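Read the structure below first, then the notes.
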Amino acid sequence: MLALQGTAASAGTAAGVFLYFRRGGPARQGRQAGTPESELLRFQSALSQADLQLQELCRETLAQAGEECAQVFEIHRMMLQDEDFLDAVKDAIRQKGAGAEQAVEEVSRTFSEAFLAMQSPYMQARSADVQDISLRLLRLLRGEEEPQLSLPFPVILGAQDLCPSETIRLDKTKLLAIVTAEGSQNSHTAILARTMGIPCVVCLGGVLSEELDGRQAAVDGGEGMFWLEPTEEVRAHIQEKGMDLEARRRELERWRGKPAQTKNGKKISLLANAGSIEDCRAAVENDAEGIGLFRTEFQYLGSAHRPSEEELFSVYRAAVEAMQGRPVTFRTIDLGADKQAPWLPMEQEENPALGLRAVRLCLADRELLRTQLRALYRASALGPVSIMAPMIASLWELQEVKREAQAAREGLRAQGVPMAEHVPLGIMVETPAAALLSAELAGEADFFSIGTNDLTQYTLAADRQNGRLGPFYDARHPAVLALLRMTLENARAAGIPAGICGDLAGDLAMTGALLSMGISSLSVPPGMVLPLRERVCTLTV
Ligand code: PEP
Ligand code: MG
């Protein structure tokens with residue numbers, strides 16, 4: 001037996017036959033480059049065909065796997081329209097006399113390396129997307145078919161790395177698990193695997209190859225483990241864990257439809273976090289009472305241009321409708337730092353996490369905020385909606401947001417556009433300053449939602465993206481808990497609700513403590529709702 005430790009990318013277990021993924025035949029070499037004009041024409045034609053293929057892929061993916069997955073291919077379409085990329089390829093053809101294939105290969109390599117060299121793991125993972133679009137263009141230029149992705153029987157699929165477009169086209173009914181030599185937890189392939197519930201381990205190194213085809217293998221995606229020729233003991237462990245997961249899923253069903261109430265009668269709202277319509281549907285399926293945090297920025301990140309009011313409204317409407325009367329709390333844009341939208345040129349910042357992000361960006365670029373507020377208020381006519389602003393650190397910031405909100409409402413009213421009479425306007429408490437000022441802020445905000453992810457980062461001066469910080473980034477740190485307690489006490493004194501929407505909300509070991517501190521709601525990923533309800537209902541506080 002060979003046991004390999006990789007990086008856990010999607011939880012779940014599997015055992016079965018290993019198959020190595022081959023990416024088509026060897027590239028056809030040796031084509032003479034034509035004149036620059038003819039090579040430019042070939043490149044343009046490949047670009048148009050690639051865009052058509054991606055549109056089709058978006059449609060298929062939306063139907064099969066939902067909006068979040070489909071966005072991956074919207075991002076690919078956007079990358080193919082990126083002016084820097086297009087100019088670099090055209091320059092290589094015009095100035096170096098390169099053939100279209102060579103130009104695409106060289107420029108993609110440079111772009112892919114540039115992404116890999118970036119600090120943010122999210123941006124590093126975009127290098128796989130560049131490789132994906134480059135392969136698509138090369139296939140089109142060489143007149144090659146897309147690789148055959150039908151699987152002969154259920155397999156554990158191994159690969160050097162898998163492009164998102166390959167992952168989405170694999171036959172899910174025969175895909176037991178995915179293991180890759182390279183890749184990262186943040187890659188779109190890992191995100192797709194998690195969304196589709198396929199166990200996945202990445203970063204296993206160079207052992208995977210087609211020589212292993214047909215051998216028995218096993219995977220524990222949650223632990224990041226891959227076994228080749230697993231012993232009886234490992235197989236038994238995998239089987240048992242799989243059965244445990246299934247039994248656990250069935251057991252949790254009994255909490256469906258029950259209120260989240262402790263044994264001694266303390267009741268809270270159990271909400272879900274979402275970033276897409278698909279997540280809203282998952283929230284309903286998992287019996288969440290509403291959406292406690294809708295991260296609106298993903299729509300901005302997945303768009304090739306600044307989204308219009310209509311585009312924003314159509315997503316907000318779909319989210320409100322998907323929730324079937326349950327409340328939705330939309331957070332205004334939290335762009336900046338690790339979330340850079342390609343259409344929003346931002347100056348290079350020394351410390352982006354401390355830079356012009358979230359509400360600061362909205363106050364610097366008022367049109368961004370005004371357009372979003374109008375779309376949000378319009379959605380409030382269709383179901384219960386609340387709005388909250390992220391990264392508030394001073395009272396004046398909240399007052400400015402309120403002024404803009406008031407102006408947006410007056411504008412809509414003057415135009416006779418319907419909206420709800422009352423739309424609560426709250427804030428995320430995720431800077432130490434907001435926690436320390438929570439008594440004053442509670443006088444102006446309708447509710448607090450505590451973002452423990454950023455609150456931990458800023459309180460402990462520990463970058464939340466830096467995996468090497470390990471125990472130094474700790475949401476249970478006494479300093480973080482002291483700020484949390486202070487915020488909850490000030491909210492109670494002012495009579496406004498205060499919940500948690502950061503990852504600490506799903507820390508089951510902390511549920512009792514959070515309830516005792518007087519939390520009014522917890523908002524967690526949809527899959528956590530039932531486990532958390534079970535936890536609340538079996539506690540006495
Ligand atoms: C947080 O900071 O805790 C939070 C919920 O917001 P995000 O993770 O989107 O920054
Ligand atoms: Mg945050």
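As a basis for the values below, the full set of heavy atoms in this structure was taken, side chains included, without hydrogen atoms, waters or symmetry mates. Atoms within a ligand are numbered from 1 in the order they appear, just like the ligands themselves. In this text the structure is predicted, and so the values were computed from the model without any measurement.
In this structure, R126 is not positioned above the aromatic face of F115 in the sense of NZ or CZ being under 6.0 Å from the six-membered ring centre and within 45° of the axis.
Distances from the Mg ion (ligand 2) to each N, O or S atom of D454 single out OD2 as the nearest.
By the side chain to side chain contact (heavy atoms under 4.5 Å, CB included) test, P384 pairs with P327, sequence neighbours left out.
Between E404 and the options R366, Q372, R409, a side chain to side chain donor-acceptor pair (under 3.5 Å) holds for only R366. Shown are R306, Q299, H305; of these, the side chain to side chain donor-acceptor pair (under 3.5 Å) with E311 is made only by H305.
When the shell of 6.0 Å around CD of E310 is examined, it contains more than 12 heavy atoms from other residues, nucleotides or ligands.
The aromatic rings of F330 and Y316 sit tilted, their planes meeting at an angle between 30° and 60°.
For ligand 1, the 4.0 Å heavy-atom shell takes in L293, R295, R331, D334, K339, M428, E430, G451, T452, N453, D454, R464, C501, G502, ordered by chain and residue number.
Taking backbone and side-chain atoms together, E430 has an N/O/S atom less than 2.8 Å away from the Mg ion (ligand 2).
Contact between L398 and I392 at its shortest, heavy atoms only, is N-CD1, 3.9 Å.
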